[in-house]
Engineer: 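This is the structure I want to talk about, given as structure tokens.
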Amino acid sequence: MEVFKLIIIGIFGHLIRFTVSDPGSDSGCPKTHSASLMNFTYQFSMAQHQLRGVLNVIDDCSFKVSQFDMLEGSDVRWWGAVGDNLENLTKGFVISEDKLNKTYKSDGFVVKLMNNVTWDDLNVLAVWDVPMASDFGHVVLRNLTNGTEFLAPLESWINGSVIMGSGMPTMFNNCKVLADTYRVRWSLNEEEDVIEIGLEAAIGFLSYMAFGWANPSASSSFMMGGDVTVTGFKEDLSPFADDYFITKYSECMISKDGRVEGVCPDSIYEGSDPVGLVNNTRLVYGHRKDGVSFIRFKKPLKSIDTKYDLQVNKNATMRVIWALGLIKPPDSLRPFYLPQNHGGSFGHLTLNVSEHVNDCLGPLDAEDKQDQDLVIADKKGPLVVSTGPAVFYPNPPNPSKVLYINKKEAPLLRVERGVQVKFSIQAGHDVAFYITSDPLGGNATLRNMSETIYFGGPEAQGVQATPTELVWAPDRNTPDLVYYQSLYAQKMGWKVQVVDAGLPDMYNSSVVLDDQQVTFFWTLAENSISIAARGEKKSGYLALGFGRGMVNSYAYVGWVDDTGKGKVSTYWIDGRDASNIHPTNESLTHVRCKSENGIITMEFTRPLRPSCDLDDKPECNNIVDPTTPLKVIWAMGAQWSDDHLSVRNMHSVTSSRPIRVLLMRGSAEAEEDLRPVLAVHGFMMFLAWGILLPGGILAARYLKHVKGDGWFQIHVYLQYSGLSIVFLGFLFAVAELRGLSFSSLHVKFGMLAVVLAIAQPINAYLRPKKPGAGEEVSSKRRLWEYAHVIVGRGAIVVGIAALITGMKHLGERYDEEVNKLMWALILWILAGALTAIYLEYRERKRRRDRLSGRSNWVLGSGEEEDIDLLSPSQVRADKDSGSSDRMEVQLEPISR
């Protein structure tokens, strides 16, 4: 019984032990057949973002990562693939729910695989940036060759453990910070009696890194007599590491007598080193990634060269020296690299290489991470696009052949908006060059992905003998970052940096607004307008308004919020308080706003006519008509925010008057206050068309019964007075408005009225002779009478229409309330019409009374000044009058 209890307790204890030692185990965890993976520790190969670390497979479902360094990425995931080349990695898959979207500093953690992923599915485990399809680093778990599984090569020892790695190792037992941007890493290999050193610095690729041991007998000037290794990169970016000995604080100089002094290679002192006994530093590996230089080399602890090499006692504390600076490439006189003055970047410290040291927390983060060549497009000549081998492609993994521009491998291309770029495409017929929004290229639609193509395509191909030349003109709507790629293969190109060339180059037209403090830019399209505005003084926000004043205007406000993000918001303003600023929802596109030294620049594109009903929302009435002047105002203030508008949002400086921007002409004119001028113009026209000219017509119609030619004199004086005032009012308005435009209905009516008025005196001058007493009225005289009356009365009708439309035009131009004036004018016209109707009634009654009383006359005067040739009844009266001229006259004796 006791034995049975012991067995039960043993089994229970074993289960507890198994559970504790296998934290990643799960009942749903699929088993793997790759048990050999659990016997090794793997080192990540660094590809980008200063990734380094160690990986241990824990069980079938999880792995452990330790000493993990990585600079932050955008959307970084654990990634699995069957191979480490471009095709396999890009076809890989996410293997864990965990994300790596931060900077890691010597961190350790456990990662659990997804339920549907097993180690049998993975040959390569990578850290993968999904948007850019970038490999930050990976481990090759195994290679499969002819069905035989074997582990990846490249063993290294870290803290007594064998570490497998697929790339050159970057892990060391120890790390010491020499300066903010400079570190030394090392591991002792006691079996081979060598020390492996890794120098790491955030410097330019034309700089050197030096590290070595000081002369033990030196009490000061520790550099003199120092044994250092100088490392760096050659012009082709291949690394080097050479032994140098310091005899003087100067460049290495060789005198005429053959004496060598300065900071010189060991081999120069001896003249030659055919078997490498003097220069006994052995380069292991070197790379430049993310603006950081890393070079690994081996150095024997005990050197055969006792003259220029110092012996390193691994158990003793010794003084080490270091320096950073620019390096001069070899020339014909001195065929070796020459470290220049370090400029103060040097130092020394004591170090025992056998003691464990690790004060390097996290990866080095260089300010300038761009090592690729920069090609700046200009107008001097075309950019030659060709292909060549991938040596230092900036976004691994990559194909073996990549794009070159001006003989530079996958450079960063910088272009300017509004400046044309000419390409001479000589990359071959199997490479179709194009500019795309997709960082991978290779026709994203084939991967069921969307992309925007800005330039190029299948036709953009050629060879050196017959290149294809095409021109690309990036505009203001081109994003800040696009990519040049091949349409037929992925990841052959790199980035295109699109920068502002200056707003004048990006827009077709520009004007300076009122007070010379804001510049307004625009480009018209068929159905839209692209607008930009730049303040000429520092401010917290910049506002543009479409309207004559702040009230009843549509406003566009650009500012940069507390997070540094530029914004452009739209508003309808119907008052002078913060509560009268109403946000609107205009459909703006390509919106940008930035502040440079307090100078605000905003840009946006909007439709000319909103796509909503006019009565739906206020912004639906914000129509931009390119054929009519656009009234633009501006304002600036200290701060702005989308929410809780208050008095603090009000402007501190504003335009004093609107500017009329002529969009089609590309010019502008000041919106002058012409209301006094227009008031004088309107009064003169009212006096002419509302009083004098109608009065002259009434005199000719209803004053003919007055004895003499008084009616005629009144008619002539009033008509000529009215015509003179019309002419003066016309010249006054044209002179003040600086021209004559027929765009408004008022001007059209006014010009027609002026033409008809001018025709009347010409008509009067050409009138036929008046018939004598008893003579028939000639056809010419009758036609003249008809024309004179019709033109005169027509001129009055058109003139009154010009008065009404002029009143309406005044209200539209200055947002004035003219309803009262309009009603007063209408009442005046109605009063005049009623007066004319009354006079017409009296005239007709008088004529009837005259005709009925004419038979009682004894002797008539024979005057016919009241003849109305346009009245049919008067024609009959003329005939009756003609017969009465032959009446009998009875003579009576005269009393004496």
Side-chain angles (χ1 to χ4, degrees), residues 503 507 509-522 524 529-559 567-584 586 588 591 593 599-606 608 610 618-619 621-626 628-640 645 647-675 737 810-817:
L503 295 177
Y507 292 86
S509 306
S510 65
V511 296
V512 179
L513 299 183
D514 184 50
D515 295 334
Q516 308 291 311
Q517 296 192 46
V518 176
T519 306
F520 181 77
F521 304 85
W522 75 94
L524 279 173
I529 180 172
S530 297
I531 293 174
R534 182 184 63 216
E536 303 300 335
K537 63 181 296 184
K538 294 182 178 181
S539 64
Y541 71 85
L542 171 63
L544 282 181
F546 292 167
R548 185 179 172 273
M550 181 179 68
V551 179
N552 296 328
S553 68
Y554 298 94
Y556 302 86
V557 182
W559 83 103
K567 295 183 177 180
V568 176
S569 296
T570 61
Y571 303 89
W572 161 249
I573 304 176
D574 58 4
R576 298 187 179 276
D577 297 326
S579 60
N580 298 116
I581 303 176
H582 309 288
T584 58
E586 292 195 32
L588 303 185
V591 177
C593 183
I599 301 298
I600 299 291
T601 301
M602 66 173 172
E603 301 176 72
F604 60 88
T605 298
R606 54 149 294 173
L608 295 175
E619 59 265 29
N621 296 304
N622 188 12
I623 300 173
V624 175
D625 184 0
T628 60
L630 178 66
K631 293 185 265 305
V632 182
I633 57 177
W634 60 265
M636 297 182 193
Q639 63 178 355
W640 192 266
L645 296 177
V647 177
R648 294 183 304 170
N649 298 112
M650 306 305 285
H651 55 72
S652 58
V653 60
T654 182
S655 54
S656 58
R657 58 181 177 177
I659 292 293
R660 290 160 50 90
V661 179
L662 308 177
L663 299 175
M664 299 289 287
R665 298 182 184 177
S667 60
E669 59 185 18
E671 177 78 356
E672 298 181 14
D673 189 359
L674 299 176
R675 282 175 292 184
L737 294 175
L810 176 65
E812 292 176 348
R813 181 177 181 124
Y814 290 100
D815 298 324
E816 293 285 346
E817 183 60 46

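Starting from 1, each residue takes its place in the sequence as its number. Bear in mind that the values here come from a model prediction, so they are computed numbers and not experimental data.
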Engineer: Show the nearest heavy-atom pair for residues Ile659 and Ala668, with the distance to one decimal.
Structural biologist: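 Looking at all heavy atoms of both residues, the shortest contact is CG2-CB, 3.6 Å.
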Engineer: Taking the side chain as every heavy atom from C-beta outward, state whether Pro658 and Asp514 have any atom pair closer than 4.5 Å.
Structural biologist: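 Sidechains of Asp514 and Pro658: no contact.
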Engineer: Out of curiosity, Glu603 CD to Ile531 CD1, how far, rounded to the nearest 0.5 Å?
Structural biologist: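 One finds 11.0 Å between CD of Glu603 and CD1 of Ile531.
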Engineer: Please report the C-alpha distance between Met636 and Val518 in whole Å, then the side-chain angles of each, then the deciding distance to 0.1 Å, and finally whether the side chain to side chain contact (heavy atoms under 4.5 Å, CB included) criterion is met.
Structural biologist: CA-CA 10 Å; Met636 297 182 193; Val518 176; 3.5 Å; yes
Engineer: Kindly give the heavy-atom pair with the smallest separation between Ser509 and Gly666, and that separation in Å.
Structural biologist: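 Taking Ser509 first and Gly666 second, the nearest heavy atoms are OG-CA, 3.7 Å.
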Engineer: If you compare all heavy atoms of Gly575 against all heavy atoms of Ile573, which two are closest, and at what distance to 0.1 Å?
Structural biologist: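 So the two residues come closest at O-CG2, 3.3 Å.
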Engineer: In the structure I gave you, are the side-chain heavy atoms of Ile599 and Lys538 within less than 4.5 Å of one another anywhere?
Structural biologist: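 SC-SC contact between Ile599 and Lys538 confirmed.
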Engineer: May I have the step-by-step check of side chain to side chain contact (heavy atoms under 4.5 Å, CB included) for Leu503 and Phe520, ending in yes or no?
Structural biologist: CA-CA 10 Å; Leu503 295 177; Phe520 181 77; over 6 Å; no
Engineer: So, Glu536 versus Thr519: side-chain donor-acceptor pair below 3.5 Å or not?
Structural biologist: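 Their side chains do contain a donor-acceptor pair, which is all the 3.5 Å distance test asks for.
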Engineer: For the atom pair CG (Leu542) and CH2 (Trp634), what is the distance rounded to the nearest 0.5 Å?
Structural biologist: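 Nearest 0.5 Å value for the CG-CH2 distance: 8.5 Å.
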Engineer: Is the backbone of Ile633 close enough, under 3.5 Å, to the side chain of Ser655 for a donor and an acceptor to pair up by distance?
Structural biologist: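 Here the side-chain-to-backbone pair does not exist.
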Engineer: When you compare the side chain of Val624 with that of Leu663, does any pair of heavy atoms fall below 4.5 Å?
Structural biologist: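 Yes - at least one pair of side-chain heavy atoms lies under 4.5 Å apart.
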Engineer: Looking at Val557 and Ala543, what are the two nearest heavy atoms and their distance?
Structural biologist: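 Nearest heavy atoms, Val557 then Ala543: CG2-CB, 3.9 Å.
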Engineer: Check whether the ring centres of Tyr571 and Trp640 lie less than 6.0 Å apart, and answer yes or no.
Structural biologist: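 Ring centres of Trp640 and Tyr571 closer than 6.0 Å.
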Engineer: Mind checking salt bridge (charged side-chain N to carboxylate O under 4.0 Å, His left out) for Glu586 and listing every partner two or more places apart, or none if nothing turns up?
Structural biologist: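 With sequence neighbours excluded, Glu586 shows a salt bridge (charged side-chain N to carboxylate O under 4.0 Å, His left out) to Arg606, given in chain and number order.
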Engineer: Please find the pair of heavy atoms, one from Leu544 and one from Ala533, that lie closest to each other, and give the distance.
Structural biologist: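 Taking Leu544 first and Ala533 second, the nearest heavy atoms are CD1-CB, 3.5 Å.
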Engineer: With respect to Pro626, which candidate in Ile529, Leu524, Leu662 satisfies the side-chain contact (heavy atoms from CB on, under 4.5 Å) definition?
Structural biologist: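 Result: among Ile529, Leu524, Leu662, Leu524 is the only option passing the side-chain contact (heavy atoms from CB on, under 4.5 Å) with Pro626.
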Engineer: Distance from Phe546 atom CZ to Ser553 atom OG, nearest 0.5 Å?
Structural biologist: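 Answer rounded to 0.5 Å: 10.0 Å.
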Engineer: Please check this pair: side chain of Thr605 against backbone of Leu588, looking for a donor-acceptor N/O pair closer than 3.5 Å.
Structural biologist: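 No; judged by distance alone, with no hydrogens or angles, the pair does not exist.
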Engineer: With Tyr554, which residues qualify under ring pair (Phe, Tyr, Trp, His ring centres under 6.0 Å), at least two apart?
Structural biologist: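 Scan of Tyr554 (ring pair (Phe, Tyr, Trp, His ring centres under 6.0 Å), adjacent residues dropped) gives Trp572.
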Engineer: Mind checking ring pair (Phe, Tyr, Trp, His ring centres under 6.0 Å) for Tyr507 and listing every partner two or more places apart, or none if nothing turns up?
Structural biologist: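 By the ring pair (Phe, Tyr, Trp, His ring centres under 6.0 Å) rule, Tyr507 matches no residue at all.
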Engineer: Is a donor on one side and an acceptor on the other found under 3.5 Å between the side chain of Trp559 and the backbone of Ser569?
Structural biologist: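 Judged by distance alone, no pair lies under 3.5 Å.
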Engineer: Holding to side-chain hydrogen bond (donor to acceptor under 3.5 Å, both in side chains), I want the full list of residues that pass it with Asn580, two or more places apart in sequence or in another chain.
Structural biologist: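 Partners of Asn580 under the side-chain hydrogen bond (donor to acceptor under 3.5 Å, both in side chains) test: Asp574.
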Engineer: If you take all heavy atoms of Gly558 and Cys593, which pair is closest and at what distance?
Structural biologist: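 That closest heavy-atom pairing would be C-SG, 3.7 Å.
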Engineer: Hey, what do you get for CE (Met664) to OG1 (Thr628), rounding to the nearest 0.5 Å?
Structural biologist: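 If we round to the nearest 0.5 Å, Met664:CE and Thr628:OG1 are 10.5 Å apart.
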Engineer: Ser510: what forms a side-chain hydrogen bond (donor to acceptor under 3.5 Å, both in side chains) with it, not counting sequence neighbours?
Structural biologist: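 Scan of Ser510 (side-chain hydrogen bond (donor to acceptor under 3.5 Å, both in side chains), adjacent residues dropped) gives none.
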Engineer: For Thr601, enumerate each residue passing the side-chain hydrogen bond (donor to acceptor under 3.5 Å, both in side chains) test, keeping only those at least two apart in sequence or located in another chain.
Structural biologist: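 Partners of Thr601 under the side-chain hydrogen bond (donor to acceptor under 3.5 Å, both in side chains) test: none.
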